[in-house]
Novice: 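Could you have a look at this structure, given as structure tokens, before my questions?
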Amino acid sequence: MVRFNLIGPFEIVAQDGRSYLPSTPKVCQTLALLLTRANEIVTSDSLIHELWGESPPRSAVTTLQTYVYHARRMFVAENLVPAERPLLVTRAPGYAVQVEDDEVDIRIFERLVAEAHTDLGAHRYESAVRRIDAALELWRGPALSNIPAGDLLTGHIVHLEELRIRALEIRIEAEGGLNRHRESIPQLRKLVNDYPLNEWFHSRLIMALGSSGRRAEALQAYQNLRRILADELGLEPSADLQRLQLELLGSRSDGGTRGTPHSGSGKTAQGPARLPVFT
């Protein structure tokens, strides 16, 4: 079984474990777009737009046909698939790659995240964590980092990064369901550093610190977020986060109310992102 890896540098892994990359960047680009829409017809117009944007050459159709021809010949010449397997097929008004879901890492990733979300809703927290960990292990770096990306591939790369964030959210929720608040703190600190404007990650870090008896650090984490939002966007933390800060202040032994956020400009950022709903 051949394997197409797109989450990281693009590569084709043969059944014997050999890793292969076409030498022509635009052949890679053509295959990558077809694989992001595996088993679907991708029109020639879409492929031409991906390869040349708004300024395709007059020979674009013929050149695209040449790229497809070279890709088909490569699969057979490099013993990546049997000669009789119809992997890359012509289907009006374009082309399609015919693969099994387990042959494309994106498909595996999407399935694992969807299954983990189902587990989370059913309170199967251990299973959700295992599935998300398996999904995140597929990430070998930024998606398609070694080939050119036009408008369409760039959109798919953004989609994958958003899905990765959602996967991290699901894992954190599952860890919370298992009462592993203290264990989640190192990962949450890394996430707020990687995604400084994501209030959801900040809120979970503050909650995890508070639940672990580290109220001072939780309040400091809130102030860090408040400073980031003010400096970058001119916003105050969301109402939910402001209430969380007040709860932390109210739980102090002295019952004080110091540190209550001032009204500032009156603007607040959006509340913490909700988990995605998969259908």
Side-chain angles (χ1 to χ4, degrees), residues 1-15 17-22 25 28-29 31-39 50 97 99-120 124-176 178 180 183-198 200-202 204-205 208 273-278:
M1 181 177 67
V2 67
R3 173 73 173 268
F4 297 95
N5 291 330
L6 291 81
I7 307 177
F10 178 54
E11 65 176 1
I12 304 169
V13 181
Q15 190 169 357
R18 287 179 298 115
S19 178
Y20 185 80
L21 180 70
C28 293
Q29 198 174 352
L31 286 173
L33 183 58
L34 290 167
L35 287 163
T36 60
R37 302 181 185 178
N39 302 314
E50 168 62 27
V97 168
V99 290
E100 300 294 329
D101 284 348
D102 286 347
E103 292 181 318
V104 184
D105 62 352
I106 289 176
R107 292 295 186 96
I108 300 170
F109 178 76
E110 291 174 338
R111 186 190 73 238
L112 287 169
V113 174
E115 290 172 349
H117 186 263
T118 299
D119 285 338
L120 181 65
R124 297 190 294 266
Y125 301 124
E126 290 281 7
S127 179
V129 170
R130 285 196 300 271
R131 292 186 196 276
I132 290 298
D133 285 347
L136 294 174
E137 284 178 2
L138 296 171
W139 283 79
R140 298 168 295 112
L144 299 171
S145 56
N146 60 338
I147 67 171
D151 292 343
L152 300 182
L153 276 181
T154 297
H156 283 288
I157 292 169
V158 171
H159 164 75
L160 281 171
E161 181 58 31
E162 285 296 322
L163 192 58
R164 179 174 181 268
I165 292 172
R166 292 176 182 179
L168 291 165
E169 291 175 352
I170 292 171
R171 192 185 194 286
I172 291 164
E173 284 292 294
E175 290 279 9
L178 294 167
R180 296 175 182 169
E183 292 84 352
S184 68
I185 290 172
Q187 181 187 28
L188 286 165
R189 287 200 184 278
K190 181 178 186 305
L191 288 172
V192 300
N193 182 70
D194 292 344
Y195 303 97
L197 299 180
N198 187 310
W200 196 91
F201 290 146
H202 283 277
R204 290 309 185 269
L205 173 61
R274 297 187 181 277
L275 286 174
V277 176
F278 291 91

Novice: Are any of the side-chain heavy atoms of Leu191 and Asn198 separated by less than 4.5 Å?
Specialist: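 The answer is no, as the side chains (C-beta and beyond) never meet within the 4.5 Å cut-off.
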Novice: Considering only distance and modelled atom types, tabulate donor-acceptor pairs under 3.5 Å from the side chains of residues 144-154, sequence neighbours left out.
Specialist:
{"from": "Ser145", "atom 1": "OG", "to": "Pro142", "atom 2": "O", "distance (Å)": "3.4"}
{"from": "Asn146", "atom 1": "OD1", "to": "Phe10", "atom 2": "N", "distance (Å)": "2.7"}
{"from": "Asn146", "atom 1": "ND2", "to": "Phe10", "atom 2": "O", "distance (Å)": "3.2"}
{"from": "Asp151", "atom 1": "OD2", "to": "His49", "atom 2": "NE2", "distance (Å)": "3.2"}
{"from": "Thr154", "atom 1": "OG1", "to": "Gly150", "atom 2": "O", "distance (Å)": "2.7"}

Novice: If the threshold is 4.0 Å, N to carboxylate O, is there a salt bridge linking Glu115 and Arg131?
Specialist: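 Answer for the salt bridge query: yes.
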Novice: Kindly indicate whether the side chain of Val13, heavy atoms from C-beta on, has any atom under 4.5 Å from the side chain of Phe4.
Specialist: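 No, their side chains stay 4.5 Å or more apart.
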Novice: Taking side chain to side chain donor-acceptor pair (under 3.5 Å) as the test, write out the residues that go with Glu162, two or more places apart.
Specialist: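 If we apply the side chain to side chain donor-acceptor pair (under 3.5 Å) test to Glu162, skipping adjacent residues, there are no hits.
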Novice: Consider only side-chain N and O atoms of Glu11 and Ser19, and report whether a donor and an acceptor are under 3.5 Å apart.
Specialist: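 Short answer, yes.
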Novice: Is it the case that the side chain of Arg140 and the backbone of Pro9 share a donor-acceptor pair, with hydrogens and angles ignored and the cut-off at 3.5 Å?
Specialist: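 Yes; judged by distance alone, with no hydrogens or angles, the pair exists.
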Novice: For Ala38 and Val99, work out which heavy atoms get closest and say how close.
Specialist: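 Ala38 and Val99 have their closest heavy atoms at CB-CG2, 3.6 Å.
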Novice: So, does His156 use its side chain to make a donor-acceptor pair with the main chain of Leu33 at under 3.5 Å?
Specialist: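 Between the backbone of Leu33 and the side chain of His156 there is no qualifying donor-acceptor contact (under 3.5 Å).
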Novice: Walk me through it: do Ile106 and Leu160 pass the test side chain to side chain contact (heavy atoms under 4.5 Å, CB included)?
Specialist: CA-CA 8 Å; Ile106 289 176; Leu160 281 171; 3.8 Å; yes
Novice: Identify the heavy atoms of Ala135 and Val113 that sit nearest to each other, and give their distance.
Specialist: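 Answer, listing the atom of Ala135 first, then Val113: CB-CG2, 4.2 Å.
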Novice: Which atom pair, heavy atoms only, marks the closest approach of Phe201 to Leu168?
Specialist: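 What the structure gives for the nearest pair is CZ-CB, 4.2 Å.
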Novice: Which heavy-atom pair separates Ser127 from Asp119 by the least distance, and what is that distance?
Specialist: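 Looking at all heavy atoms of both residues, the closest pair is OG-OD2, 2.6 Å.
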Novice: Can you tell me if Glu100 has over 12 outside heavy atoms packed within less than 6.0 Å of its CD?
Specialist: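 No.
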Novice: If you draw a 6.0 Å radius around CD in Gln15, do more than 12 non-hydrogen atoms from other residues or ligands fall strictly inside?
Specialist: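 Counting other residues, nucleotides and ligands, CD of Gln15 stays at 12 neighbours or fewer.
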Novice: Do Ile12 and Arg3 have side-chain heavy atoms sitting under 4.5 Å apart?
Specialist: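 A side-chain contact is absent here, since even the closest heavy-atom pair is not under 4.5 Å.
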Novice: If I take atom CD1 from residue Ile108 and atom CZ from residue Arg111, how far apart are they, to the nearest 0.5 angstrom?
Specialist: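 It comes to 6.0 Å.
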Novice: Can you give me the closest heavy-atom contact between Cys28 and Pro22, atom names plus distance?
Specialist: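 Closest pair (atom of Cys28, atom of Pro22, distance): SG-O, 3.4 Å.
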Novice: When rounded to the nearest 0.5 angstrom, what distance separates CD in Glu137 from CG in Leu112?
Specialist: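 Here the rounded value is 10.0 Å.
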Novice: Answer yes when Glu126 and Arg180 have at least one side-chain N-carboxylate O distance shorter than 4.0 Å, and no when they do not.
Specialist: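 Salt bridge: yes.
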Novice: Using the side-chain hydrogen bond (donor to acceptor under 3.5 Å, both in side chains) rule, pick out the option among Thr36, Asp101, Asp102 that qualifies with Arg107.
Specialist: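 So the option named by the test is Asp101.
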Novice: Are the side chain of Glu103 and the backbone N or O of Met1 linked by a donor-acceptor pair below 3.5 Å?
Specialist: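 No, because the side chain of Glu103 does not come within donor-acceptor range (under 3.5 Å) of the backbone of Met1.
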Novice: First locate atom CD of Glu173, then atom NE2 of His117, and finally report the distance between them rounded to the nearest 0.5 Å.
Specialist: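 Reported to 0.5 Å precision, the distance equals 9.5 Å.
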Novice: Decide if the gap between the ring center of Trp200 and the ring center of Tyr195 is smaller than 6.0 angstrom.
Specialist: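 Judged by ring-centre distance (under 6.0 Å), Trp200 and Tyr195 do not meet the cut-off.
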Novice: I would like to know whether Arg204 and Glu169 meet salt bridge (Lys or Arg N to Asp or Glu O under 4.0 Å); could you show each step before the answer?
Specialist: CA-CA 9 Å; Arg204 290 309 185 269; Glu169 291 175 352; over 6 Å; no
Novice: Are any of the side-chain heavy atoms of Gln187 and Arg171 separated by less than 4.5 Å?
Specialist: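 Side chain of Gln187 against side chain of Arg171, heavy atoms only: contact under 4.5 Å found.
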Novice: For residues Phe109 and Ala167, report the shortest heavy-atom separation together with the two atoms involved.
Specialist: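 Smallest interatomic distance, heavy atoms only, reads CZ-CB, 4.4 Å.
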Novice: May I ask you to decide if Ile7's main-chain N or O and Asp105's side chain share a donor-acceptor pair within less than 3.5 Å?
Specialist: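 It does hold such a pair.
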